[in-house]
Amino acid sequence: MKHEITLHVNGDEYPIAVDPWRTLNEVLREDLNLTGTKFGCGSGDCGACTVLVEGRSVNSCLTLAVEMDGREITTVEGLAPSGERLHPIQEAFVERGAIQCGFCTPGMELSALHLLEKNPKPTEAEIRSAISGNLCRCTGYNKIVEAVADAAGRMKPKK
Ligand code: FES
Ligand code: FES
């Protein structure tokens with residue numbers, strides 16, 4: 001039997017009926033057409049599916065959609081909602097050459113956002129730790145670490 005839930009994604013509300021076994025990743029990608037969130041391993045190993053739930057990074061492939069009823073979810077589409085201006089993290093990734101195929105990028109950027117919102121001036125070790133759950137199969141880790149450090153300087157501190 002389907003469950004009636006309301007997902008709050010990037011500030012928008014999505015009332016939806018979902019089967020109880022469907023993951024947040026499936027519902028975001030297939031029902032809401034928010035395909036910026038990727039699907040890689042499906043087992044919590046690659047981080048390609050990372051989204052923020054109330055500011056905390058989670059693997060959407062391991063999260064049931066029904067558990068997300070009423071929770072605030074941020075996906076990569078929410079980083080630059082108007083589409084006119086990239087988020088400072090995205091600007092830094094582009095300018096630092098931290099994107100190759102781009103498959104890991106949405107998850108990396110959300111892990112970076114999670115880090116920078118709680119730690120605006122992270123050390124290199126803290127950045128590496130924060131993205132340790134995100135695999136880049138193009139292995140561009142040094143550029144990604146540089147981009148996150150650069151993004152830290154571009155983001156306005158939260159009041
Ligand atoms: S697809 Fe979720 S961790 Fe790999
Ligand atoms: S840029 Fe290709 S997987 Fe990271």
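The structure displayed is predicted, hence computed values, not measured ones. Ligands are counted one by one from 1 in listed order, and the atoms in each one are counted from 1 as well.
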* Audit row: N25, T37, side-chain hydrogen bond (donor to acceptor under 3.5 Å, both in side chains) steps and yes/no -> CA-CA 7 Å; N25 187 273; T37 302; 5.9 Å; no
Quick one, [X] and [Y] - any side-chain contact, counting heavy atoms below 4.5 Å?
X	Y	value
T23	L62	no
L116	P122	yes
T50	H114	no
D31	L7	no

* Asked: Any donor-acceptor pair under 3.5 Å linking the side chain of R71 with the backbone of E54?
  -> no
* Does the S132 side chain pair with the main chain of S129, one donor and one acceptor, at a distance under 3.5 Å? -> yes
Just jot down the ligand 2 atoms closer than 4.0 angstrom to any heavy atom of [X], in number order.
X	answer
G102	1 (S), 2 (Fe)
C136	1 (S), 3 (S), 4 (Fe)
C101	1 (S), 2 (Fe), 3 (S)
C138	1 (S), 2 (Fe), 3 (S)

* To do: Please confirm whether G140 comes under 4.0 Å of ligand 2, counting heavy atoms of the residue only.
  => no
* Single hit among I131, I89, N134 for side chain to side chain contact (heavy atoms under 4.5 Å, CB included) with E109 -> I89
* Structure fact -> Given a cut-off of 2.8 Å, the protein N, O or S atoms lying below it from atom 2 (Fe) of ligand 1 are C49 SG, C61 SG
* **Identity and separation of the nearest protein heavy atom to atom 3 (S) of ligand 2** => R137 N, 3.2 Å
* To do: Would you check, one step at a time, whether the test side chain to side chain contact (heavy atoms under 4.5 Å, CB included) holds for N59 with D45?
  => CA-CA 9 Å; N59 289 327; D45 293 318; over 6 Å; no
